[in-house]
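Naming convention: chains lettered A, B, ... in sequence-line order (proteins, then strands); numbering from 1 in each chain.
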Amino acid sequence: MDVSGDWNLIILPRVINDYDLDFAKEVMSLPEGKTMIQCYQCSYCTASCPVHNYWDERYNSRHFIHLARLGLIDELQKRADVMWRCVSCHKCTHRCPKGVLVEEVLKAILKTMAKKGLIDEYPSKKFDKFFTESVLEYGRIEDGELLFGWIEKQGYNVVKDPILKKPIPFLGETPEWLKQLVMKPIKSMNISFLVLNAKHMLFHPRTKNWNKFKQVLRKVVQEEGGLT
Amino acid sequence: MAKSVLVIGGGPAGLGAARILGKLGIPTILVEKEDRLGGNPILNHYHTLIPRKLKPEQVLGPYIKEVESNPNVQVKLKTELTACEGEPGSYKVTLSNGETHEVGAIVVAKGFEHFDPRRKGELGYGLYPDVITNLELEQMFSREGRLYRPSNGQLPKRVAFVFCVGSRDRQLGVTNVHCCRYGCALSGLQAMEIKQHYPDVDVFCYYMDVRTYGTWEYPFYWAPQEQYGVRYVRGRIAGITYSPADGRLRVKHEDTIVQRPAEVPMDLVVLVLGMEPSAGTKKVAKILGLAQDPDSKFLVPSEESGSNIISNKPGIFIAGACKGPIDIESSLAEGEAAGAEAAAFVGAKVTV
Amino acid sequence: MARAKLESKWGYVSPGGILRYPEEPPFPVKEYDAHYDHIFEMMEELEAKGEILIYRITEEHQPIPVYTSTGRIKLIPTNKLWHHKSCGQCGNIPGYPASLFWFMNKFGLDYLNEPHQTSCTAWNYHGSGTSNPVALAAVWLRNMHQAWKTGYYPLIHCGTSFGSYKETREQLIMNKELRDAVKPILKKLGRLTEDGRIVIPQEIVHYSEWVHAMRYRIKELYEKEGKAKGIDVSNVRVAIHNACHTYKMIADDYPYDPEVYNGQRPAASTAVIKALGAQVVDYSTWYDCCGFGFRHILTEREFTRSMAIQRKLKVIAEEVKADVIITHDTGCTTTFEKNQWIGKAHGMYYPVAVMSDVMFAALACGAHPFKVVQLYWNCSHYEPLLEKMGITNWRELKKEWEDTVKYISELEKAGKYDELMEFFKEYDLYEPYSRTSTGKPRASATSNMPLFKS
């Protein structure tokens, strides 16, 4: 029996060797991040947080604030997979005894991390983008197209119409949950609503004078950094 | 004529007692071991006092002036109590200058001493010039009016305050298990002073608990954090070493919130010193037979009295830091209370 | 209180003593009455009650006083010593005890190097958590009784034995249950005094304390003999590693000195290096342990080597560029030594010589690097250190040693044991089995086959 341990292993120290204080400066330069400085680590926020309580103990707003203030980036990154899970209930901000805008501060931390390339985008943000594109293009959203377009983005093999290259609902691969979800109410639905929906999918009604406005809107949103 | 009162110690508590006794027209002898009045804040050149952020001269100056100019008070400098005989109401005291006096009551205000941090070898005080005490930081401000690293005279980029040095520590024996009471608040104040003058210096406070009790919470804990960005890290500093590689100190601790060990580079480390009863307090306790805490050796009040200035000996009153860590304004108040008690004890008929 | 008592008892400064301390220790001490020192008062009380017998240090032992961290004066016996050996030392670093014997021979001191002793079994205790206070106490008291019987005062070579004995002493003095449990065992072994008392030595003394107490005499020897051989250590950069079990187990009972870090870090080893005039360098991981870890060196070596390489060797090599790491315990010396080359495989090779304080001191005083200090056992690069110390002829010395080995093995092969014994008498070392507590040569299967046979 080999009792010499793992013979080819070197254990690296887990000591924190320094702080990255610029990180906190950057967070606090954002208007929503300013109150981070007030936190005294009582954990009133975490105790109130539904995500921490019912989902994942690693989602801990108080801890994130501590890590961000000292700039312990590697520790923040260890939690990158849970950091997006805020359900926006605002209990934390509502209850903080020190007046920290906890939820807003966490958004500022995330924003700073994303900007520095320290965290991946949360998957749902892809949906946000798709949604935004749809609005920017037509000035409104169109339920059927949004749904099946999104399904296509998710990697399902949808069937598209040959002219407009839009996915045709339910013809191609469709998630089982969606079929069941849609088919039940559809049976009792007014036929004219379905026809209207199909028409909208084909002809894409737009908001009046949208072509002019959309250029302005796109430019503004772009300047605001909303399209990154 | 009313019997006189002996006040031992010319620090804040002693000054408070002598001032009120003088005002009440009671013949008072104030003995002080050093060559001037004022005690630690004056003799050790404190810079700014908590909690009211006044200078020692502003606070104690008027007291000293009043005591020195009151004809009822005889100030005897460079003098100590050497012996005491007799009964309550007529104590025969012998002083180190050979004088003997008969006094009706005694106020003991012999004060405290700063902890000697060399007794915590792992903190490197005396080994590394950039490890200083909070007293030395006060003196750096008050005598030189600037902040610098003693090793090279340059402005530090980072300053760390190490809380509880010589406090709450059984490793030093049973004598130092008490809290110093002033350390958290003074550190907050010193950190703010640093940030006011040098906004680019990063200041860190390493603590176990922050005990800025009562009304001190906002001015000495919240304000340093919220207004000046002083960073508080929970974890007691377990060692301070020096790295010749970059000429900076390393403060070793566990960040108990992250639950990871850390050795963070610092340019200047300030040790927040605990309080111990002064040698004079221990000596006077022996001469007068005053009760002492068996562990810390601070004086303890009478068990029968609810007031903490009444000693176990009738006619002897204790005030200030000789009976435990205390701030300066409370010391003054306790001295005044003890003075008034002493006046009542000697049966003075007071007319104001 | 305790201090006054001890001083009145030992109210003299030993006649051969070199250190003369002032009334008050010139460095800040821990609160004198608050710590461990009352153990010594309790020992006196137990002796007065007839429970124990204190094996006293007498003039014959030529004690030298040193300060402990509480300002207590500890007497270090320097003569007539009973050598309590270390398990790992004789096997792994034989030059370690040999250097100590060499010094004692040089100073003309009397000692007893006897085989009638056992392991302290503390490795077992620290490595696996087995064993228990009763067993540890029984083993310690058995060994101390043996020393007492011989009239030689125990000097403990191993840091862990030293620390464990200090701790066991405290438990024994503080707990009647333990004394009651251990007495019947000792009675069976015949290890109580005639009137049924436990024998406890007045002081538990580590060899590094002996080196510390003798440092000025070692310095004299260095100046007289070492320098005459062209040896000069003034340029040698020395990183000190203090062993955990010597100074942190019962921390109050180990030497401190104002000349060593203002009395804020343990003095032994550092003081002798300073006395010799070498440069002691401070480094940022001074307080870290070596990683030996008892169990770890056996079954979790990845921890041991990672700790030794990254927390100590790397820092010492890169940060302060030391020429040698000086230790005073078996485990640390072994750990630093044997783990260096492993780092090569990981691109973490930080070569630096490793040896104990007494080996370095012996080298400085002109001891033969191979015959006495036995550096051929080292796997760290000691050669650059020897060059820097001025022992530039180490190649010839090595050749000389190799010839000696050849000569010995030839004699041995030819069965010329008498000649061999004669050779060892002239040889500049101690004579291993010459004297035992019974005064007779050791009667065992190997008594006529000294060294190298097995």
TODO: Apply side chain to side chain contact (heavy atoms under 4.5 Å, CB included) to B/Ser167 and list each qualifying residue two or more places apart in sequence or on a separate chain.
DONE: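 So B/Ser167 forms a side chain to side chain contact (heavy atoms under 4.5 Å, CB included) with B/Cys164, B/Cys180.
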Open item on the list: Suppose we screen for side chain to side chain contact (heavy atoms under 4.5 Å, CB included). Which residues come up paired with B/Asp116, at least two apart in sequence or across chains?
Closed with: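 Applying side chain to side chain contact (heavy atoms under 4.5 Å, CB included) to B/Asp116 gives B/Arg118, B/Arg119, C/Pro28.
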Open item on the list: Looking at B/Tyr125, is its backbone amide N or carbonyl O close enough to the side chain of C/Gln264 to form a donor-acceptor pair, meaning the two atoms are under 3.5 Å apart?
Closed with: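 Between the backbone of B/Tyr125 and the side chain of C/Gln264 there is a qualifying donor-acceptor contact (under 3.5 Å).
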Task: Under 3.5 Å: donor-acceptor pair, side chain of C/Ser284, backbone of B/Ser243 - done: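 Absent.
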So does [X] have more than 12 non-hydrogen atoms from other groups sitting under 6.0 Å from [atom1]?
{"X": "C/Lys248", "atom1": "NZ", "result": "yes"}
{"X": "B/Lys313", "atom1": "NZ", "result": "no"}
{"X": "B/Glu303", "atom1": "CD", "result": "no"}
{"X": "C/Glu318", "atom1": "CD", "result": "yes"}

Task: Rounded distance (nearest 0.5 Å) linking atom CG of C/Asp288 with atom OG1 of B/Thr241 - done: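 So the gap between those two atoms works out to 8.5 Å.
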- [ ] Enter the distance from C/Thr285:OG1 to B/Glu263:CD here, rounded to the nearest 0.5 Å.
- [x]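 Rounded to the nearest 0.5 Å, the OG1-CD separation comes to 8.0 Å.
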Task: Residues of residues 234-241 of chain C near chain B, each having a heavy atom less than 4.5 Å away - done: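 If one takes a 4.5 Å heavy-atom cut-off, no residue of residues 234-241 of chain C lies near chain B.
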Task: Residue among C/Trp286, C/Tyr287, C/Tyr283 with most heavy-atom pairs under 4.5 Å to chain B - done: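 So the answer, after comparing C/Trp286, C/Tyr287, C/Tyr283, is C/Tyr287.
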Open item on the list: Using heavy-atom distances under 4.5 Å, tell me whether C/Tyr261 contacts chain B through its side chain, its backbone, both, or neither.
Closed with: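 Answer is both: backbone and side chain atoms of C/Tyr261 are under 4.5 Å from chain B.
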Task: Residue pair C/Glu319 / B/Asp246, side-chain heavy-atom distance below 4.5 Å - done: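 In short, these two side chains do not touch, never coming nearer than 4.5 Å.
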Open item on the list: Are there residues of residues 126-137 of chain B whose heavy atoms fall under 4.5 Å of chain C's heavy atoms? If so, which?
Closed with: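 Within residues 126-137 of chain B, the residues that come under 4.5 Å of chain C (heavy atoms only) are B/Gly126, B/Leu127, B/Tyr128.
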